[in-house]
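Worksheet: the structure to be examined is printed underneath.
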There are 2 protein chains.
Amino acid sequence: MRPTVHDIAAAAGVSLATVDRVLNQRPGVRLVTREKVEEAIRQIGYIRDVAAANLAKGRVYPLVFIVPTGDNSFMHGLRSEVHHATLRAGMERTDIRIVEVPAFDVSALVAALDGLQGQDVAGVALVATDAPEVRAAVDRLVSERIPVVTLVSDLTDSTRHHYAGIDNIAAGRTAARLLGRFLGGREGDLTVLAGSMLVRDHRERLQGFSAVMAEEFPKLRLLPVLEGRDDPERTRSLVSKALSENKDIIGIYSLGAGNRGLIAALKAVRPERELTVVVHELTQHTRTALVDGTIDAVLNQDAGHEVRSAIRVMKATADGQAVIADQERIRLDIFLKDNLP
Amino acid sequence: MRPTVHDIAAAAGVSLATVDRVLNQRPGVRLVTREKVEEAIRQIGYIRDVAAANLAKGRVYPLVFIVPTGDNSFMHGLRSEVHHATLRAGMERTDIRIVEVPAFDVSALVAALDGLQGQDVAGVALVATDAPEVRAAVDRLVSERIPVVTLVSDLTDSTRHHYAGIDNIAAGRTAARLLGRFLGGREGDLTVLAGSMLVRDHRERLQGFSAVMAEEFPKLRLLPVLEGRDDPERTRSLVSKALSENKDIIGIYSLGAGNRGLIAALKAVRPERELTVVVHELTQHTRTALVDGTIDAVLNQDAGHEVRSAIRVMKATADGQAVIADQERIRLDIFLKDNLP
DNA sequence: CCGTTTCTGATGTACGTAAATCAAAAATTT
DNA sequence: AAATTTTTGATTTACGTACATCAGAAACGG
């Protein structure tokens, strides 16, 4: 049987009350006694029964998710995953609030973050726009001992506790290698399509992509990045224009959202133009396009995993518990038409 | 606040004891009363607090993992993941026992399964060898109301509750497309290397691989399958022989374990022979080979996820609870040298 | 209407921890 | 050594559920 507080008390030769004071860092214990108890805890290998503790505490975790508004499927999916999590709230002792802010809007994000100051919040998860003001606002929350997790896109040099998202440099590198090898030594131009260089995930994907292209596929030339702001309509017109103006384009890497527009533009020039296309985020649209051959590979991050992981990490951090790093690593999914879920 | 048994009692106008009898299907409740209580439960949306219930019950889940012995890294890793799970046993109220049986040995597996009959076991996870005798033994356990989960390799037509592993047909198809596209329209022979056609996962991978090759890459010819029995030394000699006898081999798909031997054979013919190679299972050896360019892609299943998922499913099944299908789907990881974890 | 069976209520204990109270002991200061 | 402060012990209640016991009520058979 697993040891309990009673066993510690017996082992340390103190009372239950004292053990409780040590375990919950309450005042009123002499240093020597505290050390005696801590030694006993280590000796007999006590681990707190979190379930029992939460039961006794009647603990609930009020969590806040700050997600961008926006018409694209990925953010839609993300919001829907957070919503799903609210439905499981009862079972998990969480109380999740969703705050929506306009995409790429630094001051709105900062306002949302600052609005949480002083509120009863056990953790905050946000899709970060990578700006100094946001970093400062996050750091303010952290200094108030509120667990903060960045979701999908990370924040440079901030003190956030955790990042629940993929390694975007690796994602960009992977996209480059896939595109490069699929093109099999051909020569031509490549178009890169991004949402906004304001978010770190997009910058990093481009960085990884460019690096591998330069190192290993010198025959492929990168054209200037098109910024579609994750908006389908804008994306569509940018791509159409680029394709009609440059007949040497043989490949496209779309590293942001809004792929509905890209796919529409591609369909408009098919089957005359033969293009190898790698995009991010598996949605209804990209899935269909992958199956019908309009695109060749989809890189994906599982929003459901990211949300669940963020919740686990916020709870663990709030309790001062360690997280199982391996379990919280968000993986880059590569989908070809054969391994769709 | 979440409703409790007290709330049901009040709502249904009965006593706590009666609610308890209904909830835990104990006898001594008239049908009308039972229905009244069940209605109240639905009305106020009661959900049992599993943590509190387990606490009260002092429940522990004695689980058994049956895994093959064998020298290869994958099974090593799997056993080590199960072992890790035993370390978390205290926190998760599990009591995990590991039973090792010789690989591909049907009667040993059956004996191990039958040995569990009548024992106090809350769940069994096994790496199945796909034979009728094994299926029968599994069905015997299932009919004794013991949750059974197949791990890594599934069992045809059995009544097992769950399969914690990847879709191997999809894996084979994915390997074929990667290999086919990486070879970029070239013509030549392909060698397929398997462990044993006795296990369903290997058969299915081959099936998926052959299908896509036939459909989409007619210029690539499949040579007869080499069976390495997941043994590094045997694999090495098979591959060396094949490569020296046939100079038209331009690609290799290794769908089993024992890749240490394959890699050794490849290094022996490099850099003269240019080969595109896709293998299964990320291990220390395949990782190194991927980085140094000896192999081009690794398909992987995360043994840690599989083990953790199997545990969750066995517990949930033992409690008659539903599993979150989406969370338990084991994904096929595709690793290129750029997205290694 | 009585006796018997079947159902229901009331109550208590337990699980492992948290948190509070009050008394007693020990340490510290004066 | 007395007064004061700090530390410790003992005890109780609570969290939500499980499970057992016993008494009482309702239903049923004759």
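Letters go in sequence order (proteins before strands), and every chain restarts at 1.
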Can you measure B:L55 atom CG to D:dA14 atom C1' for me and round it to whole angstrom units?
13 Å
For the pair B:E39 and B:K36, find out whether any cationic side-chain nitrogen is under 4.0 Å from an anionic carboxylate oxygen.
no
Closest-nucleotide 5' rank along DNA chain D - winner of A:R34 and B:V50
A:R34
Tell me, please, which residues at least two apart from B:E144 pass side chain to side chain donor-acceptor pair (under 3.5 Å).
none
Starting at CG of B:N54 and ending at P of C:dG16, how long is that distance when rounded to a whole Å?
12 Å
A side-chain contact here means heavy atoms from C-beta on lying under 4.5 Å apart; do B:V138 and B:L126 qualify?
yes
Atom pair distance, as rounded to whole Å: CG in B:L23 and P in D:dC19
11 Å
Does B:R135 have any salt bridge (charged side-chain N to carboxylate O under 4.0 Å, His left out) partners at least two apart in sequence or in another chain, and if so, which?
B:D139
CD/B:E38: more than 12 non-hydrogen atoms of other groups inside 6.0 Å:
yes
Regarding B:R59 and the six-membered ring of B:Y61, is the cationic atom NZ or CZ under 6.0 Å from the ring centre and inside 45° of its axis?
yes
Report the distance from atom CG of A:L31 to atom C1' of D:dT6, rounded to the nearest whole Å.
14 Å
Length of the line joining B:D49:CG and D:dG16:P, which is rounded to integer Å:
8 Å
Give the rounded distance in Å between these two atoms: CD1 of B:I44 and P of D:dG16.
13 Å
Going 5' to 3' along nucleotides 19-30 of chain C, which nucleotides have protein heavy atoms under 4.0 Å from the base (write B), which only from the sugar-phosphate (write S), and which from neither (write -)?
B-B-----S---
Would you mind classifying the nucleic acid contact of B:G28 as base, sugar-phosphate or nothing, using non-hydrogen atoms under 4.0 angstrom?
base
Within residues 3-16 of chain A, which residues have any heavy atom lying less than 4.0 Å from an atom of DNA chain C?
A:T4, A:V5, A:H6
Could you tell me whether the side chains of B:S309 and B:E328 share a donor-acceptor contact shorter than 3.5 Å?
yes
Applying side-chain hydrogen bond (donor to acceptor under 3.5 Å, both in side chains) as the test, list every pair that has at least one member in residues 82-96 of chain A; sequence neighbours left out.
A:R88-A:E92, A:R93-B:D49
Any residue meeting salt bridge (charged side-chain N to carboxylate O under 4.0 Å, His left out) with A:D114, in chain and number order, not counting sequence neighbours:
A:R140
Could you give the NZ-to-C1' distance, from B:K36 to D:dA26, as a whole number of Å?
12 Å
Nearest whole angstrom, please: distance from the C1' of C:dA18 to the CZ of A:R93.
13 Å
